[in-house]
Amino acid sequence: AQSVTQLGSHVSVSEGALVLLRCNYSSSVPPYLFWYVQYPNQGLQLLLKYTSAATLVKGINGFEAEFKKSETSFHLTKPSAHMRDAAEYFCAVSGDNNNDMRFGAGTRLTVKP
Amino acid sequence: DAGITQSPRHKVTETGTPVTLRCHQTENHRYMYWYRQDPGHGLRLIHYSYGVKDTDKGEVSDGYSVSRSKTEDFLLTLESATSSQTSVYFCAIMSSGSTDTQYFGPGTRLTVL
């Protein structure tokens, strides 16, 4: 089965600073990888996904992630944080069976003025 | 917006009582999922459905049952609620046009006293 580890349950950055949220995965088959964002009291919203078409994936709200097979990583970045980016972010992985998606524990991003 | 609604959005119940949560979708998607979200665990799959009357267990299915008698509705039942089932429950669908991506409903916050 696949698994995901998100490094850092809380990340705090200043407005305008680089955002880096780390995700490492384990999968015995070529993975599909996802980043979701959750704002308070809401469901999860898809930010971006990797499905082997390109290793650098651009998503909504200025976020992007790079798939690095050699490092089994799929880190999420944004060059300049905005206050509205404050939320919880989840990395997820699925393999051959798209009904077995596994989520990381989540990283809460705080943006300081 | 994947046209997913969940009801109720909030519920408080007592240990030992039965509880049913409803997920309703308007876009005729074949695959539907129930997850629970707990701090430190991300989202974990409870059950999923791949068609009317076709369901299967997920990672944390003990104490839960599901039913899908029509395409648009997927019900999650706790036959006898326990305090360990206090959680936020999310329904998701897999888009027919994007067979590797799940989209989530707004969630139901369940408290078992």
Side-chain angles (χ1 to χ4, degrees), chain A residues 1-10 21-27 29-53 57 59-60 65 67 74 87-108, chain B residues 1-7 9-10 21 23-25 29-51 54-61 66 68 74 87-109:
Chain A
Q2 296 75 235
S3 66
V4 162
T5 301
Q6 291 184 240
L7 301 176
S9 58
H10 291 89
L21 304 182
R22 299 177 187 273
C23 172
N24 288 90
Y25 71 90
S26 172
S27 179
V29 298
Y32 295 112
L33 292 157
F34 307 83
W35 277 99
Y36 287 88
V37 60
Q38 184 180 33
Y39 299 103
N41 300 313
Q42 295 187 24
L44 276 71
Q45 179 182 357
L46 181 69
L47 269 180
L48 51 81
K49 64 180 181 182
Y50 166 77
T51 56
S52 79
V57 182
I60 62 171
F67 173 70
F74 190 58
E88 189 150 23
Y89 292 79
F90 292 93
C91 183
V93 63
S94 66
D96 286 346
N97 182 357
N98 290 326
N99 299 312
D100 189 20
M101 180 177 285
R102 299 299 175 108
F103 286 80
T107 297
R108 183 169 299 280
Chain B
D1 184 356
I4 307 168
T5 58
Q6 293 185 231
S7 59
R9 294 292 314 278
H10 300 270
L21 308 183
C23 177
H24 179 79
Q25 55 134 334
H29 298 294
R30 179 182 173 193
Y31 288 89
M32 299 183 74
Y33 306 82
W34 275 108
Y35 289 87
R36 60 178 289 172
Q37 183 181 24
D38 304 290
H41 291 277
L43 277 75
R44 291 178 291 174
L45 181 65
I46 305 171
H47 283 278
Y48 67 95
S49 169
Y50 47 97
D54 292 323
T55 65
D56 206 347
K57 295 179 179 180
E59 184 184 358
V60 290
S61 59
V66 290
R68 192 165 178 202
F74 190 31
S87 187
V88 181
Y89 291 86
F90 287 98
C91 175
I93 60 92
M94 185 178 294
S95 170
S96 303
S98 176
T99 54
D100 52 22
T101 303
Q102 295 184 20
Y103 296 90
F104 288 81
T108 294
R109 183 173 296 276

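First the proteins, then the strands, lettered A, B, ... as listed; each starts at 1. The structure displayed is predicted, hence computed values, not measured ones.
In this structure, the portion of B/Q37 lying under 4.5 Å from any heavy atom of chain A is its side chain and not its backbone. Of the atoms belonging to A/S9, not a single heavy atom falls under 4.5 Å from chain B. Heavy-atom distances place both the backbone and the side chain of A/L44 under 4.5 Å from chain B. For chain A, the nearby part of B/R109 is the side chain; its heavy atoms alone come within less than 4.5 Å. Within the 4.5 angstrom heavy-atom criterion, only side-chain atoms of A/Q38, from C-beta onward, approach chain B. With a 4.5 Å cut-off on non-hydrogen atoms, B/L43 touches chain A through its backbone and its side chain both.
Between chain A and the options B/E59, B/Q6, B/R44, B/R9, heavy-atom pairs under 4.5 Å are most frequent for B/E59. When each of B/G105, B/G107, B/P106 is checked for heavy-atom pairs under 4.5 Å with chain A, B/P106 comes out on top.
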For this session: Assess whether side chain to side chain contact (heavy atoms under 4.5 Å, CB included) is satisfied between A/M101 and B/Y35, documenting all intermediate values.
Result: CA-CA 11 Å; A/M101 180 177 285; B/Y35 289 87; 3.9 Å; yes

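Nearest heavy atom pair, residue A/A105 against residue B/G40, reads CB-O, 3.4 Å.
Rounded to the nearest 0.5 angstrom, A/F90 CZ and B/F104 CZ are separated by 9.5 Å.
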